[in-house]
There are 2 protein chains.
Amino acid sequence: MTHHTYHLDTHRKKVVLVGSGNWGSAIARIVGDNITANPQLFEPTLNMWVFEEMVNDRKLTEIINTEHENVKYLPGYKLPTNVVAVPDLKEATKGAHILIFCVPHQFLGRMLPQIKEQGLESDCCAVSLIKGIDFNDNGVVLVSNIIRDALNIDCSVLMGANVANEVAAGDFCESTLGCSGVQEGALLQHLFHAPTFHVNIAMDPNGVELCGALKNVVALGAGFCDGLGYGGNTKAAIIRLGLIEMKKFCYRFFDGIKEDTFFESCGVADLITTCFGGRNRKCAELFVKDQGVTWETLENTVLNGQKLQGTWTAKEVFHILDKTHALNDFPLFVAIYRIAFEGANPKTITTL
Amino acid sequence: MTHHTYHLDTHRKKVVLVGSGNWGSAIARIVGDNITANPQLFEPTLNMWVFEEMVNDRKLTEIINTEHENVKYLPGYKLPTNVVAVPDLKEATKGAHILIFCVPHQFLGRMLPQIKEQGLESDCCAVSLIKGIDFNDNGVVLVSNIIRDALNIDCSVLMGANVANEVAAGDFCESTLGCSGVQEGALLQHLFHAPTFHVNIAMDPNGVELCGALKNVVALGAGFCDGLGYGGNTKAAIIRLGLIEMKKFCYRFFDGIKEDTFFESCGVADLITTCFGGRNRKCAELFVKDQGVTWETLENTVLNGQKLQGTWTAKEVFHILDKTHALNDFPLFVAIYRIAFEGANPKTITTL
């Protein structure tokens, strides 16, 4: 006979937001309000770690904590007063039960050991809002995996068709919460869901996160179509073929992927937004129109030096497909790579 | 012990195209060439039934048969010389093994009995390229069902993101062949597939056909978003929710629907094209911007008197949902109907 020990989880959760850029600040508005609305579930204050910088001779944290506005990254939108900017990472994350990550993924390598160092609550979990995947010699490395491995805690993800300023403005949109546990999913949904920000749960964190990264590769293909002046039929075909290869890539390299995930906001909706708006699409269009221009030039002139996710992901995806002898199974991803990096004629996008 | 009688189907198929409008003429270019390329499968001539009319004092059939161009409905594109225009329906369809239907579905009621009357080959089958569904007191009536019932033959469908002029111009696109038999599918694929017109088979004719009709309802929703000036996130969310309700509608009212169908060209690709281009989207945008305008006025001013499929389908879909007490399960379809026909505020599109 076995004895079960029931551990009733009665303490309220302390939520900490690690990051305060455009998207981080937009989500802070929602999370801050949801914490206040659910005092039985969450502690009242939302610590927000802010990379300290000076704005008009004042510290950004000070501005946020007095004026309740991130004037640098989300000007024009007030933050709830329970959002408290904290410049010190350890202080900000101390005692956290839920860590929300929303920083460029390059920062994680430095930050995660610091968070780990101070000791984590035993029931601490993480949510990553970071889009993008990484790659090492063994293949794909998800950002959530980096967090899981570094902190030894579970990590969910939140991904979808969510342009930060539109979310801040209260425009209706949807998002997908990818997580592996039902209770965790339910709790996190309380944290993120809002009347104009509908959060669906998908029990498929890997699928959700992969969609967020791979869609940027497809957006390059959509941009090439635009640059070539192709009509709606052709672009729709490329987007569809891209979705099929996204699915295939997920199934090929990960276990437990669920078909329904691709029908969620992180899948088809984010793909559509990215292929019609979005910087990857835009730069790919210019890449075709302005023959001979380099991606670096486009990043500097169009994106003020910010890096394109799509080109980088296309390169890494190609590398993995090549290494695993899978190039023939992903003709669109391969065509996009060869156009982007090997001087292939953009018209080869439709000769798959 | 049972005896099997093997009937080897050795005779070549006579293909007849019933219809010669914009789309019919575009597909005649592909089918005509494919017949020539596969002499072992098909008889060499493609009869094309043409509704006779006078163009510059000449009969349209005469122009087509001498100049090999449908100057009225697809000017600028030559037809293969094996396409023969025939104004008499019975003469055109005599001895047909494969009947391709591409006429406005209102014509079918008059035409099908004539075709039936002259006697059909025992192995005759049909393919419908007609988009749109009909409704009677018992619910949804698919165009393919009308054909099946009237002629007592099997009917496949071909649907996808296929604007006729883009197909005629040889722009790359895809299409979905919905059929119920493998051999039939393989044969029809030979008839329609081309290097710039990729035809995938889906063993789900009902799903394929329903997608073609229901997408027009979603396109109204997308147009409302455009009219309200909503951004890409919101529009992508509406398109996604529309796709989910399309699926749900198919599963609710039909058996044997396959999930994969929605990933085909007839599903997600056609939906995208229709929600970004397309007349239903356009008129819905103007309906919101130009408050008080009627659908009839929009049809007369924007479409030169042609009828919108989306509004009509939205109305019939609502009627069925209402009759089957399913309104609560289809909040988007219901919201679109109420905005279009009951004066509901267009902003209710996002308060589902």
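Chain naming here is simple, since letters A, B, ... match the order of the sequence lines and numbering starts at 1 in each. Every heavy atom of this structure was used, including side-chain atoms; hydrogens, water molecules and symmetry mates were not.
Annotation for B:K347: atom NZ does not count as buried by contact number, only 12 or fewer foreign heavy atoms lying within 6.0 Å. More than 12 heavy atoms of other shown residues, nucleotides or ligands fall within 6.0 angstrom of atom CD in A:E342. Atom NZ of B:K248 has more than 12 heavy atoms from other residues, nucleotides or ligands within 6.0 Å.
Ranking A:I239, A:D171, A:V163 against chain B, the residue ahead of the rest is A:V163, based on heavy-atom pairs under 4.5 Å. Of the listed residues (A:G267, A:S265, A:C275), the one with the most heavy-atom contacts under 4.5 Å to chain B is A:S265. Ranked by heavy-atom pairs under 4.5 Å with chain A, the list B:L241, B:L271, B:T196, B:I244 is led by B:L241. With chain B as the partner, the residue from A:C225, A:G278, A:G231 showing the most heavy-atom pairs under 4.5 Å is A:G231.
Heavy atoms of B:N200 lying under 4.5 Å from chain A belong exclusively to its side chain. For chain B, no part of A:Y230 is nearby; none of its heavy atoms comes within less than 4.5 Å. With a 4.5 Å cut-off on non-hydrogen atoms, A:V268 touches chain B through its side chain but not through its backbone. Residue B:K235 does not touch chain A at all, counting heavy-atom pairs closer than 4.5 Å.
Residues B:T273 and A:G232 share a closest heavy-atom pair of OG1-O, 3.7 Å. B:A236 approaches A:A269 most closely through the heavy-atom pair CB-O, 3.4 Å. A:T234 and B:E166 make their closest contact through N-OE1, 4.4 Å (heavy atoms, listed as atom of the first residue, atom of the second, distance).
In this structure, CZ on B:F172 lies 9.5 Å from CD1 on A:I349, to the nearest 0.5 angstrom. Here the CZ-SG distance, from B:R240 to A:C173, works out to 11.5 Å after rounding to the nearest 0.5 Å. One distance of note links CG of B:D270 with CG of A:N233; it measures 8.5 Å at 0.5 Å rounding.
Below 30°, between 30° and 60°, or above 60°: for A:F262 and B:F263 the angle between ring planes is above 60°, a perpendicular geometry.
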